Amino acid sequence: MIIKKPTLHDVASLASVSQSTVSQYLNGRYKHMGKETRRRIEHSINTLQYKPNAVARGLKQKKTTTIGIIVANILHRFSTQVSRAIEDICHQFEYHAIICNADDDAKKEKKYIDMLKAKQVDGFIIIPTGLNEDLYKDLLEERYPLIFLDRKVEALPIPTVSLKNKKAGYEAATHLLDQNHRNIAYISSPLTVNTRKERYQGYVQALENAGIEVKEEYVFGGDINQLNHTLPDILEKNHPPTALICGNDRVLKNVLPILKKRDISIPQHLALLTFDEVEFSEFFTPTITTIEQPAYEMGVQAAELLLQRINGKAEQQREETYEFEPKLKVRESSLLKK
């Protein structure tokens, strides 16, 4: 037996109103509608268990109240925090969010952009790989509201929410210099996106300002899965580093087991500092010094900027950068033992 789904006509008939009145109610346009009319419509919807066709409503309104979020790598705590913030803002304004994980893969990023366009999302928030510039241009030409998060694509007029990354790198290295370290290693994922490049540039600037030569043998910017081979080589130099900066939370999680396996005490043998506030930083022994980026606040900013553009309250293609301040949280892992 096939059970017929209730229609807009059924709701209108049961409530003794027109279909257009029900449509206005469903679209939230009931400011001037009588309380009794609203009560009857709500009662009819509940009685019939009527569920509006979101796609059909979206076509009529030219909106689907859905946005697409593409993060570079969902394993980063930053990605999960900004996704949560964006979803919270969407929920507040009755929007839906589809979250996609690109794994820093340009082909995967393209696949998700195409899929989200097919689903007729109203706009995009993307942590870009930076390798699909023509695709980003297409989104602009097709008038999709678009916000970049964490990373910039310099050639395109796309509003971007990011950290003051060079300042973050400078503060990280300066803190270790203040602890009398001169041989400071820097370990990062590939230095191919501006976020990582700028943090490294800040590190370099701090050393140069202190009159210290940047030693390339202390620097690694590559596949972090290779650290089992690379990091021991760095630690076994004739004059090994006495401090180490991790480029992000995933680098830290790969570095810690290597240090433990080699019985390297922190901070007695090696001071340690990482970008990204990690959930275990205050519970690890010793507690871990971090450069925190306010991920949740950055996600809120990106969501609000996108919704403003979707609803015509801000200019679409306007090159703006919203930069947040890094916060150095000094803990035991980077301090000299007295």
Side-chain angles (χ1 to χ4, degrees), residues 71-79 102-109 126-133 136 148-156 160-177 181 183-210 212-235 237 241 243-256 258 272-276 278 290-293 295 298 321 323-324 326 328:
V71 298
N73 193 320
I74 200 68
L75 292 177
H76 285 295
R77 189 165 186 255
F78 175 82
S79 294
D103 275 329
D104 264 324
D105 182 323
K107 290 182 180 178
K108 201 171 178 183
E109 181 184 51
I126 302 177
I127 300 178
T129 63
L131 301 173
N132 279 313
E133 197 168 305
Y136 311 144
F148 280 163
L149 182 56
D150 187 44
R151 302 172 181 177
K152 303 171 188 172
V153 178
E154 298 289 352
L156 299 176
T160 303
V161 178
S162 69
L163 186 73
K164 292 182 178 178
N165 285 294
K166 190 170 183 180
K167 183 177 181 181
Y170 187 88
E171 290 188 357
T174 298
H175 168 65
L176 294 172
L177 290 167
H181 292 287
N183 294 344
I184 303 172
Y186 192 95
I187 308 297
S188 172
S189 302
L191 298 170
T192 52
V193 296
N194 77 287
T195 301
R196 300 172 197 156
K197 288 179 186 176
E198 290 170 7
R199 291 177 185 178
Y200 176 68
Q201 289 166 359
Y203 155 84
V204 169
Q205 184 180 341
L207 294 186
E208 290 178 346
N209 287 358
I212 297 171
E213 179 187 359
V214 177
K215 297 178 181 177
E216 293 299 324
E217 62 265 31
Y218 291 165
V219 176
F220 175 80
D223 183 354
I224 58 176
N225 294 317
Q226 301 299 318
L227 281 178
N228 281 324
H229 305 292
T230 307
L231 186 54
D233 290 343
I234 294 173
L235 298 173
K237 301 292 182 188
L244 187 154
I245 297 173
C246 295
N248 57 42
D249 56 334
R250 288 194 67 215
V251 172
L252 174 70
K253 289 174 184 177
N254 279 265
V255 164
L256 287 175
I258 297 171
L272 186 67
L273 180 153
T274 186
F275 295 103
D276 294 329
V278 289
T290 62
I291 296 278
E292 180 184 10
Q293 50 182 335
M298 291 167 71
T321 300
E323 290 188 318
F324 283 71
L328 173 65

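Here the structure is a predicted model, which means the values were calculated and not measured.
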Within-4.5 Å side-chain heavy-atom neighbours: [X] and [Y]:
| X | Y | value |
| --- | --- | --- |
| Arg77 | Asp276 | no |
| Ile126 | Glu109 | yes |
| Gln293 | Asp150 | yes |
| Ser162 | Thr195 | no |
| Leu177 | Ile184 | yes |
| Ile258 | Val255 | no |
| Asn248 | Phe78 | no |

Pair Asp104-Arg250, salt bridge (charged side-chain N to carboxylate O under 4.0 Å, His left out): steps then yes or no: CA-CA 14 Å; Asp104 264 324; Arg250 288 194 67 215; over 6 Å; no
Any luck finding a side-chain donor-acceptor pair between Arg151 and Asn194 under 3.5 Å? no
Can you tell me if [X] uses its side chain to pair, donor with acceptor, with the backbone of [Y] under 3.5 Å?
| X | Y | answer |
| --- | --- | --- |
| Asn132 | Ala106 | yes |
| Glu217 | Lys237 | no |
| Ser79 | Asn73 | yes |

Taking all atoms of both residues into account, what is the closest heavy-atom pair of Ile224 and Ser189, and its distance? CG2-OG, 3.8 Å
Do you know the tightest heavy-atom contact between Met298 and Val161? O-CG1, 3.7 Å
Tell me, with the steps shown, if Ile187 and Ile234 meet side chain to side chain contact (heavy atoms under 4.5 Å, CB included). CA-CA 10 Å; Ile187 308 297; Ile234 294 173; 3.7 Å; yes
Spacing of [X] atom [atom1] and [Y] atom [atom2] [to the nearest 0.5 Å]:
| X | Y | atom1 | atom2 | value |
| --- | --- | --- | --- | --- |
| Thr230 | Leu235 | OG1 | CG | 11.0 Å |
| Thr290 | Leu273 | OG1 | CG | 7.5 Å |
| Asn183 | Leu207 | CG | CG | 10.0 Å |
| Leu244 | His181 | CG | NE2 | 11.0 Å |
| Leu227 | His229 | CG | NE2 | 10.0 Å |
| Glu171 | Phe275 | CD | CZ | 9.5 Å |

Worked check of side chain to side chain contact (heavy atoms under 4.5 Å, CB included) between Leu256 and Leu272: CA-CA 10 Å; Leu256 287 175; Leu272 186 67; 3.7 Å; yes
Do NZ/NE/NH1/NH2 and the carboxylate oxygens of Lys152 and Glu323 come within less than 4.0 Å? yes
Is it true that Asp103 and Lys108 have a side-chain N and a carboxylate O under 4.0 angstrom from each other? yes
Aromatic plane relationship, Phe148 with Tyr136 - under 30° parallel, 30 to 60° tilted, over 60° perpendicular: perpendicular
Show the numbers, then the answer: is there a side chain to side chain contact (heavy atoms under 4.5 Å, CB included) between Arg199 and Leu163? CA-CA 10 Å; Arg199 291 177 185 178; Leu163 186 73; 4.1 Å; yes
Could you walk me through whether Asn254 and Leu231 pass the side chain to side chain contact (heavy atoms under 4.5 Å, CB included) test, one step at a time? CA-CA 10 Å; Asn254 279 265; Leu231 186 54; over 6 Å; no
With Tyr203, the ring pair (Phe, Tyr, Trp, His ring centres under 6.0 Å) member among Tyr186, Tyr218, Tyr170: Tyr186
